[in-house]
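Here the structure is laid out as structure tokens; the discussion comes afterwards.
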Amino acid sequence: MKKNIFVKGLAGILVAGSLASCSEDYLQIEPETSVDTSTVTSSVEGAELALIGMCRAMYQGYQIGGTNLQFFNGEATIMTFYGDLFGPDYYNYLWGRYGADFMKWGYFQDDTTWIPSMVWMYSYNIINQANVILSGIDDASGDANARDFIKAQALTMRAHAYWRLLQVYAPRWVDSNNGAADACVLRTTPGTGGAPLVSMKTILDLIYEDLDTAISLYSSCGQKRTTQWEPNIDVARGVYARVALLCNDWETAQKMAKAARASYPIMSAEEYKGGFANSNGEWMWSNANDELDQLVGYYSWGALYACNGSYVSFWGEGCGAMSIDLANEVEQNLSADDIRLDLYWLPQNLDKVPAGVRGNLRPQHFWSNRCCDPSTMNMNGMYVNMTNSINRFGSDNIPNDDFETFGLPYQQEGDSEGGGKFVIPFGAQYKFWGIGQYSNSSYPFMRGAEMALTEAEAAYHNGDESTARAALEEVNKQRIEGYTCSKSGQALLDEIRLSRRIELWGEGTSWFDWKRWNLPFEIRAWVADDPTSGSFPPTLATRHDVTDKKGWTMCIPMIETDYNDALDPTKGSVK
């Protein structure tokens, strides 16, 4: 086992209000071990330790100044909070209770709050650590092949972090004047000094160069990763495909997605229903579900977001829920027998509960005031048949019937009322589960199915509809018995997009996809006695047009503008 190097948290999460403090050294790397910069850059062994620390930064608690708020713990939180929470397909009462302004993107352009700050600090933390490695790796003593492999990994990580920044702070490609629009700060050397704001194309050029070099080094060095939380050549190709999608480089996206997923067959229906707590052969990149998870303990992603998570149970607040509008679209346009729909508490699944348990409960009762509290969307504890049905549905969905490993979802220990205290919302998910005391779980940063759907989307735009259909079928045939696709034109593109939304639900792609698709969306309110209405609390109902919040971009946070002397903090532009 490699020795671990743990980097102190550099950012954190505040539930409300402004940042606790700001500092010009917010990107400063201070390893908790005694490994210093000279050790990192002078030998392969030191660089290897630094590489582990950089990977570890994707799953650790962060802080702002002296405020330790470890529930923000890296990549998985970025994916859930930004990628899912602000999109139309995902509801979470844990965050929804903080108010309509919060959920309706009220802080996107407020540079004093943590919402525009988290992705910035997280990404530049990784970039700075990569820059430290890259600053000396070419001259580091040790095995040349190992040196090349570490360099390739550092380049992959830097490219990934810059891609995250482009997703949040750059405009859509179609609004960018072919990449000429300002995007984010360019840093290619270690440190936190003044750095200019540069164009989207400048960042894209760096990413492409980094990934081309990384892929070449991976191919020639003969080295292999030893853990799934490290990047490798397939991850580099996957990052390349993601970046190419962002700038409508369809040819590159198709080629890289196909190559990236070659060794990762699409998981079976049984594997898809297996709890997403342990990786399988389709997962390309994920956090570890072993000793690394133990180090964050109750701050693990699963504690907050697994359906049997420790905090889900302790606080009695349900985790993510699927929008009824997405479920209806899947049922009507893909198949009512799509196994992905089986993993949510939806009207469509009421018939999976034995008649003796559900009694006179019918699908339309999901819109009854006797069964649903519209302030929270809680469906549990108000009407006995609904509560009993939820409990039965949950126990029937324990992955592989493994009660000893997973336990019951949405149920507090010692709750004799069968979970009556819990907010189990309309559409509650049973896709993600945690294991053990801390609700540890692997979380997929990248999967083969994402790459297949990326290949399908890119192939469509390349005019290669036969390849698009084949890649789409490769995923959906594992989810819908007998699935085939004969659609073409806009109908084919719509099916690819819908398949992506349901396949990757809860995996951090929703808001980012809707942004790059340049499509508006509506979050529809639940209305009593109206089964045609939505499944969000009425206070959160809204519509987001493509021009909202400066084209769905977040502002450069104060923690950068206050201390970067190359920026004009009043304009966010180069002096």
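Heavy atoms only: backbone and side chains are in, while hydrogens, waters and symmetry mates are out.
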Using side-chain heavy atoms (C-beta onward) and a distance below 4.5 Å, is [X] in contact with [Y]?
X	Y	result
F81	N92	no
S395	L408	yes
P425	M379	no
V546	R172	yes
Q348	L341	no
P231	H160	no
S313	Y410	no
Y460	T467	no

The criterion is ring-ring contact (aromatic ring centres under 6.0 Å, His included); which residues satisfy it with [X], sequence neighbours excluded?
X	result
W433	F406
H544	W105, F521
Y90	W505
F536	Y91

Revision key, fill the gap. For S510, the side-chain hydrogen bond (donor to acceptor under 3.5 Å, both in side chains) test, sequence neighbours excluded, returns none

Exercise for review: Go through the structure and list residues passing side-chain hydrogen bond (donor to acceptor under 3.5 Å, both in side chains) with K549, not counting sequence neighbours.
Suggested key: none

**Study point:** salt bridge (charged side-chain N to carboxylate O under 4.0 Å, His left out) between R469 and E473, intermediate numbers included
**Key:** CA-CA 6 Å; R469 285 188 289 268; E473 288 178 356; over 6 Å; no

Between [X] and [Y], is any side-chain donor less than 3.5 angstrom from a side-chain acceptor?
X	Y	answer
S279	S442	no
N476	S499	yes
E457	T454	no
E331	S335	no
D234	Y264	yes

For [Y], is there any backbone N or O sitting under 3.5 Å from a side-chain donor or acceptor partner on [X]?
X	Y	value
Q60	G74	no
N308	G407	no
S533	V527	yes
E271	S268	yes
H365	R362	yes

Spatial distance of atom [atom1] ([X]) from atom [atom2] ([Y]) [nearest 0.5 Å]:
X	Y	atom1	atom2	answer
R225	Q228	CZ	CD	5.5 Å
L472	L493	CG	CG	10.5 Å
T542	I523	OG1	CD1	6.5 Å

Please list all pairs passing the salt bridge (Lys or Arg N to Asp or Glu O under 4.0 Å) test where one or both residues lie in [range], with sequence neighbours left out.
range	result
residues 433-451	R242-E450, E282-R447, R447-E503, R447-E507
residues 89-103	D89-R501, R97-E317
residues 523-532	D325-R524

For residues 350-358, dump all side-chain donor-acceptor pairs below 3.5 Å to protein atoms at least two apart in sequence or in another chain.
unit_1, atom_1, unit_2, atom_2, d
K352, NZ, N349, OD1, 2.8
R358, NH1, V353, O, 2.3

Practice item. Not counting sequence neighbours, which residues clear salt bridge (Lys or Arg N to Asp or Glu O under 4.0 Å) with R261? List them please. Key: E455, E474

Check your understanding: Can you tell me if CD on E522 sees more than 12 non-hydrogen neighbours from other groups inside 6.0 Å?
Key ->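 Count over threshold, so yes.
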
Review point. If you count the non-hydrogen atoms of other residues, nucleotides and ligands that lie under 6.0 Å from CD in E270, is the total more than 12?
Key: no

Review point. Relative to each other, are the rings of F276 and Y272 parallel, tilted or perpendicular (30° and 60° limits)?
Key: perpendicular

Point to revise | Ring geometry between W514 and W517 (parallel below 30°, tilted from 30 to 60°, perpendicular above 60°) | key: perpendicular

Check your understanding: Quick one: side-chain hydrogen bond (donor to acceptor under 3.5 Å, both in side chains) pairs with a partner in residues 78-87, sequence neighbours left out?
Key ->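 Applying side-chain hydrogen bond (donor to acceptor under 3.5 Å, both in side chains) to every pair that reaches into residues 78-87, excluding sequence neighbours, yields T80-W301.
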
Exercise for review: Begin from the C-alpha positions of Y122 and E75 and carry the test side-chain hydrogen bond (donor to acceptor under 3.5 Å, both in side chains) through to its verdict.
Suggested key: CA-CA 8 Å; Y122 168 75; E75 187 73 16; 2.5 Å; yes

Practice item. Compute the ring centroids of F426 and W345, then answer whether they are less than 6.0 Å apart. Key: no

Check your understanding: How about Y299 and Y438: are their ring centres within less than 6.0 Å of each other?
Key ->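 Not under 6.0 Å, so no.
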
Practice item. Assess whether side-chain hydrogen bond (donor to acceptor under 3.5 Å, both in side chains) is satisfied between Q167 and W552, documenting all intermediate values. Key: CA-CA 10 Å; Q167 284 186 301; W552 303 17; over 6 Å; no

Check your understanding: Between Y430 and F393, does a ring-ring contact (aromatic ring centres under 6.0 Å, His included) hold up when you go through it step by step?
Key -> CA-CA 10 Å; Y430 298 81; F393 186 79; 5.2 Å; yes

